[in-house]
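Proteins come first, then strands; the chains are lettered A, B, ... in the order of their sequence lines, and each starts at number 1.
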Amino acid sequence: MHEINPPQDIEQLKQRVQIIAGMTLSELAVSVNISVPDDLRREKGWVGQLVEKVLGATAGNKAEPDFINLGIELKTLPIDKKGRPSESTYVCVVPLKHTKGLHWENSLVKAKLNHVLWIPVESDKQIHLANRKVGMGIFWQANNETELALADDFNEFIERISLGEVESITADQGNLLQIRPKAANASVVTQGIGDEGQFIKTLPRGFYLRPAFTKKIISDWRSGTQ
DNA sequence: GGATGATCATAT
DNA sequence: ATATGATCATCC
């Protein structure tokens with residue numbers, strides 16, 4: 001089985017997206033010669049990594065959009081039996097130091113969310129993982145209003161982090177974005193800024209998109225208003 | 001049932 | 001330790 005090359009242009013990516021729409025995860029797994037786990041408990045990123053391979057995304061852990069030549073970020077979106085996103089969407093790690101001069105315009109969050117390819121995937125646990133189907137992919141870009149709202153959230157978070165308030169940020173903050181732990185476990189530490197400006201050891205955090213936000217993305221798409 | 005905080009696998 | 005891919009587990 002050969003590797004699937006990155007799509008050369010967005011048209012080629014759109015073709016691939018159309019081909020996989022309606023297929024099961026089992027069918028996709030066969031096409032790239034990997035096996036389907038019994039469940040996701042020990043392989044939480046399996047669906048995302050499968051779709052990456054199938055669409056020819058550059059596998060890896062680089063802090064940049066998946067299709068770097070197209071400026072497009074790939075995200076699978078778990079969809080429950082009611083047709084709504086069942087989980088939040090991880091965006092990227094939260095910078096906890098070197099926040100000086102960091103703002104929305106030069107942020108990784110903006111770079112990744114500039115253009116997103118959402119691939120809906122059934123997440124209902126009553127459907128065996130292998131039999132869950134992929135939906136029609138959605139190419140999405142924020143409108144001006146949405147981008148301003150994202151920027152507001154982002155800038156407020158960065159301000160608090162700069163002020164040494166990282167440890168008092170909870171998932172309640174933010175309208176579209178939120179900050180939550182992002183680590184193998186609660187004992188992992190990274191360097192951050194403390195309340196007196198000193199370096200501290202703290203839990204790594206990630207930016208996530210709230211389910212209510214991704215829900216609106218797909219409902220807008222379905223109603224054709226985009 | 002939904003949201004928050006915790007966690008799992010893998011690569012570098 | 002840091003980044004990617006996320007979902008799990010528990011509490012309300």
Side-chain angles (χ1 to χ4, degrees), chain A residues 3-4 6 25 28-29 32 34-68 72-99 107-109 111-113 116-129 132 134 153 157 161 166-192 199-216:
Chain A
E3 295 265 313
I4 295 173
L25 297 183
L28 293 187
V32 290
I34 64 174
S35 55
V36 183
D38 292 334
D39 57 61
L40 298 174
R41 277 183 298 183
R42 302 196 71 81
E43 291 181 69
K44 297 176 181 178
W46 184 82
V47 175
Q49 289 164 345
L50 170 65
V51 175
E52 278 188 341
K53 279 194 174 185
V54 169
L55 294 181
T58 315
N61 58 347
K62 287 175 285 193
E64 61 185 30
D66 295 289
F67 302 104
I68 186 65
I72 295 175
E73 172 72 11
L74 173 65
K75 290 292 180 197
T76 56
L77 192 57
I79 302 295
D80 67 19
K81 61 178 68 175
K82 293 178 181 173
R84 300 181 294 208
S86 53
E87 292 285 354
S88 58
T89 301
Y90 169 69
V91 181
C92 62
V93 165
V94 177
L96 298 182
K97 54 178 182 177
H98 307 316
T99 52
S107 71
L108 184 55
V109 179
K112 289 203 168 194
L113 298 185
V116 180
L117 168 56
W118 300 97
I119 303 291
V121 179
E122 288 178 330
S123 63
D124 180 359
K125 285 187 168 57
Q126 293 182 351
I127 308 172
H128 189 284
L129 183 59
R132 295 181 196 172
V134 171
D153 280 349
F157 282 128
I161 291 165
V166 60
E167 300 202 299
S168 58
I169 294 175
T170 69
D172 297 320
Q173 190 185 337
N175 296 122
L176 309 183
L177 286 170
Q178 64 181 173
I179 285 180
R180 306 214 309 276
K182 174 61 175 171
N185 58 66
S187 65
V188 174
V189 290
T190 188
Q191 199 168 56
F199 284 122
I200 58 169
K201 290 291 188 183
T202 190
L203 186 61
R205 324 289 165 109
F207 282 116
Y208 296 80
L209 295 173
R210 294 183 179 280
F213 180 57
T214 50
K215 176 187 174 185
K216 185 173 189 314

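Taking 3.5 Å as the limit, the base of B:dT7 and the side chain of A:Lys44 contain a donor-acceptor pair of atoms between them. No hydrogens or angles were tested; on distance alone, nothing pairs the side chain of A:Lys82 with the base of B:dG1 as donor and acceptor under 3.5 Å. Below the 3.5 angstrom threshold, one finds a donor paired with an acceptor across the side chain of A:Tyr208 and the base of C:dA6.
Take the nearest nucleotide of DNA chain B for A:Gln178 and for A:Lys182: the residue whose nucleotide is more 5' is A:Gln178. Each of A:Thr76 and A:Val94 lies near DNA chain C, and the nucleotide nearest A:Val94 is the one positioned closer to the 5' end. Residue-to-nucleotide proximity on DNA chain B shows that, of A:Arg42 and A:Arg210, the 5′-proximal contact is made by A:Arg210. In terms of position on DNA chain C, the residue among A:Gly45 and A:Lys125 whose nearest nucleotide sits closer to the 5' end is A:Gly45.
A:Lys201 comes within 4.0 angstrom of no nucleic acid atom, judged by non-hydrogen atoms across all strands. When heavy atoms are screened at a 4.0 angstrom cut-off, A:Gly48 is found touching the sugar-phosphate backbone but no base atom. Residue-level contact check: A:Ala184 touches the bases, meaning some heavy atom is under 4.0 Å from a base atom. Within 4.0 Å of A:Val47, counting heavy atoms only, lies no atom of the nucleic acid at all. If you check every strand for non-hydrogen atoms under 4.0 Å, A:Arg84 touches sugar and phosphate atoms only. Within the nucleic acid shown, A:Pro204 has no heavy atom closer than 4.0 Å to any nucleic acid atom. Nucleic acid contact for A:Glu73: sugar-phosphate only, since backbone atoms but no base atoms lie under 4.0 Å from a heavy atom of the residue.
Across the protein-nucleic acid pair, A:Asp124 atom CG and C:dT7 atom C1' stand 15 Å apart, rounded to whole Å. When rounded to the nearest whole Å, the span between CG of A:Leu209 and P of B:dT4 equals 14 Å. Summarising the geometry, the separation between CG on A:Leu203 and P on B:dA6 is reported as 7 Å, rounded to the nearest angstrom. Rounded to a whole Å, the CZ atom of A:Arg180 is 11 Å from the P atom of C:dT7. The CD-P distance, from A:Glu167 to B:dG5, rounds to 13 Å in whole Å. Following rounding to the nearest Å, A:Gln49 (CD) and C:dA3 (C1') show an atom-to-atom distance of 12 Å.
Close to C:dA6, at under 4.0 Å from its OP1 or OP2, lies no side-chain N or O of A:Ser88. Considering only side-chain N and O atoms, A:Thr190 lies under 4.0 angstrom from the phosphate OP1 or OP2 of C:dT2.
Taking both residues in full, the closest heavy atoms of A:His128 and A:Asp38 are given as NE2-O, 4.4 Å, listed atom of the first, atom of the second, then distance. Heavy-atom minimum distance, A:Asp172 versus A:Arg210: O-NH2, 3.2 Å.
Ion pairing of A:Asp80 with A:Lys82 is absent here, as no side-chain N (NZ or NE/NH1/NH2) approaches a carboxylate O to less than 4.0 Å.
No side-chain N or O of A:Thr89 forms a donor-acceptor pair with one of A:Thr214 less than 3.5 Å apart.
Across C:dT2, B:dA9, B:dT7, the shortest atom-to-atom separation from the side chain of A:Pro181 is found for B:dT7.
Checking side-chain atoms of A:Asp153 against main-chain N and O of A:Gly174 turns up no donor-acceptor pair under 3.5 Å.
For the side chain to side chain contact (heavy atoms under 4.5 Å, CB included) with A:Leu55, the lone residue among A:Leu28, A:Ile119, A:Leu50, A:Ile4 that qualifies is A:Ile119.
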